**Q** 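Quick one: this structure, given as structure tokens, is what I'll be asking you about.
This structure is a prediction, so every number in the text was calculated from the model and none was measured. Just so you know, residue 1 is the first one in the sequence shown, and it goes up from there. What's counted below: heavy atoms across the whole structure, side chains too, no hydrogens, waters or symmetry copies.
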Amino acid sequence: MKKLLYPSIALGVAITLTACNSNNDTKGISQQEPSGETSQQEPSEYDRELVKFPDNYDKGVNYATVNRGNVREEAYTSQEAIEAVQNGQPIPSGTVITLEIYEDEDLSEIFVMEKRAGWGDQNPPDTPRNGDWLYQEFNGDRSVDYEEDIGRCFTCHANQERDDYMNTLGEMESYELEDATGAKDSNTESRFADIPTEGWEINAIGDNHEMIDDEKKGEMIQNTLLAFHLNREKN
């Protein structure tokens, strides 16, 4: 019986090793060349162009400022992302988080992380998967910093799996969305931007009978409505 068992064990081991080698061929495992020399199979190249520079990111919510010595970081994202976090919901697909990094008050680089459904399979080889987040590093002039080892971003953020791979989730949770001064372009302000003002009249106050054009009149009305709304919210 023992003689019959040995070939079975050997066959099982051979099948197992073959399966592993077949699986690892796609992951950069070294292979044996016909000459007997060992070569490293090149992994598929990571597409550094997937994460684009987010135009008008600074029109979103500036929800966090982090100071570390001579370095200052300004974090921006959408109001929708913050509302999702504060409501205990997952950060939605399509969310972009932008981090301006200043050194001695000079903009040195811009870090961008973007979440898209299905992007979890697009991360570079030999890096941990960070949910569906991908990362990009830009220079101060908004060009891609190809010299930056983007794999370090995946390794760093992998430690924050509990916070959806974010380092500033706590700042999102505590951010006061009602505070219109916290964003450079608040949702409250834009709420009144499209109100038609053609039928409104403005009475002059005092002896100053300055002529007011339609554009300035509309701006005055919208600012008045905004001030009224903010005052009502405080009370």
**Q** Please list all pairs meeting salt bridge (charged side-chain N to carboxylate O under 4.0 Å, His left out) that have one or both residues in residues 109-120, counting only residues at least two apart or in different chains.
**A** Glu114-Arg116, Lys115-Asp164

**Q** Output every pair passing salt bridge (charged side-chain N to carboxylate O under 4.0 Å, His left out) with a member in residues 149-163, not counting sequence neighbours, ordered by first then second residue.
**A**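 Every pair satisfying salt bridge (charged side-chain N to carboxylate O under 4.0 Å, His left out) with a residue in residues 149-163: Glu148-Arg152.
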
**Q** If you measure from CD on Gln86 to CE on Met172, what distance do you get to the nearest 0.5 Å?
**A**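 So the gap between those two atoms works out to 9.5 Å.
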
**Q** So which atom in Thr95 and which in Ala81 form the shortest heavy-atom distance, rounded to 0.1 Å?
**A**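 Reported closest heavy-atom pair: CG2-CB, 3.8 Å.
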
**Q** Evaluate the side-chain contact (heavy atoms from CB on, under 4.5 Å) criterion for residues Gln136 and Ile110: first the C-alpha distance (whole Å), next the side-chain angles of each, then the deciding distance (0.1 Å), finally the verdict.
**A** CA-CA 9 Å; Gln136 187 63 280; Ile110 302 173; over 6 Å; no

**Q** Report the relative orientation of the aromatic rings in Phe138 and Phe53; use parallel for angles under 30°, tilted for 30 to 60°, perpendicular for over 60°.
**A** perpendicular

**Q** Among residues at least two apart in sequence or on other chains, which ones pass salt bridge (charged side-chain N to carboxylate O under 4.0 Å, His left out) with Glu137?
**A** none

**Q** So, for Tyr165 and Gly131, which heavy atoms are closest and what is the spacing to 0.1 Å?
**A**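 Shortest heavy-atom separation between Tyr165 and Gly131 comes out as CE1-N, 3.3 Å.
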
**Q** Give the minimum heavy-atom separation between Cys156 and Asn167, together with the two atoms involved.
**A** SG-ND2, 4.4 Å

**Q** Can you name the residues that form a side chain to side chain donor-acceptor pair (under 3.5 Å) with Asp141, not counting sequence neighbours?
**A** Ser143

**Q** Applying side-chain contact (heavy atoms from CB on, under 4.5 Å), can you list everything that pairs with Ser174, at least two apart in sequence or on another chain?
**A** none

**Q** To the nearest 0.5 Å, what is the distance between CD on Glu74 and CG on Leu107?
**A**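 Reported to 0.5 Å precision, the distance equals 10.5 Å.
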
**Q** Counting only heavy atoms not in Gln89, do more than 12 sit closer than 6.0 Å to its CD atom?
**A**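 Yes - once you tally the heavy atoms of other residues, nucleotides and ligands closer than 6.0 Å, there are more than 12.
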
**Q** Is there a path from Leu99 to Leu50 through hydrophobic residues (I, L, V, M, F, W, Y) whose side chains come within less than 4.5 Å of each other?
**A**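 Yes, it is one cluster - the side chains of Leu99 and Leu50 are joined through contacts under 4.5 Å.
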
**Q** Answer yes or no: is there a side-chain heavy-atom contact under 4.5 Å between Val96 and Thr77?
**A** no

**Q** Decide yes or no on side-chain contact (heavy atoms from CB on, under 4.5 Å) for Glu73 and Glu100, but give the supporting numbers first.
**A** CA-CA 5 Å; Glu73 299 175 348; Glu100 293 178 339; over 6 Å; no

**Q** Hey, what do you get for CZ (Arg72) to CG (Asp104), rounding to the nearest 0.5 Å?
**A** 11.0 Å

**Q** Quick one, Ile97 with Val112, criterion side-chain contact (heavy atoms from CB on, under 4.5 Å). Give me CA distance, side-chain angles, the key distance, then yes/no.
**A** CA-CA 6 Å; Ile97 297 173; Val112 177; over 6 Å; no

**Q** Shared ILVMFWY cluster between Tyr76 and Val71, side chains joined below 4.5 angstrom?
**A**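 Yes.
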
**Q** Can you name the nearest heavy-atom pair linking Asn123 to Pro128, along with the distance?
**A** ND2-O, 3.6 Å

**Q** Roughly how far apart are Leu169 CG and Ile91 CD1, rounded to 0.5 Å?
**A** 6.0 Å

**Q** Mind checking side chain to side chain donor-acceptor pair (under 3.5 Å) for Tyr135 and listing every partner two or more places apart, or none if nothing turns up?
**A** Asn130

**Q** Do Asp55 and Lys52 sit within salt-bridge range, that is, some charged N less than 4.0 Å from a carboxylate O?
**A**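 So Asp55 does not pair with Lys52 through a salt bridge.
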
**Q** I would like to know whether Tyr63 and Thr168 meet side chain to side chain donor-acceptor pair (under 3.5 Å); could you show each step before the answer?
**A** CA-CA 9 Å; Tyr63 70 92; Thr168 55; 2.6 Å; yes

**Q** Looking at Gly151, is its backbone amide N or carbonyl O close enough to the side chain of Thr155 to form a donor-acceptor pair, meaning the two atoms are under 3.5 Å apart?
**A** yes

**Q** Quick check: do Phe154 and Pro124 have side-chain heavy atoms less than 4.5 Å from each other?
**A**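 Yes, side chains in contact.
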
**Q** Ignoring hydrogens, what is the shortest heavy-atom contact between Pro90 and Ala84? Give both atom names and the distance.
**A** O-CB, 3.7 Å

**Q** Check step by step if side-chain contact (heavy atoms from CB on, under 4.5 Å) holds for Trp133 and His157.
**A** CA-CA 10 Å; Trp133 291 100; His157 284 264; over 6 Å; no

**Q** Would a 4.5 Å heavy-atom cut-off, applied to side chains only, mark Leu177 and Gln79 as touching?
**A** yes

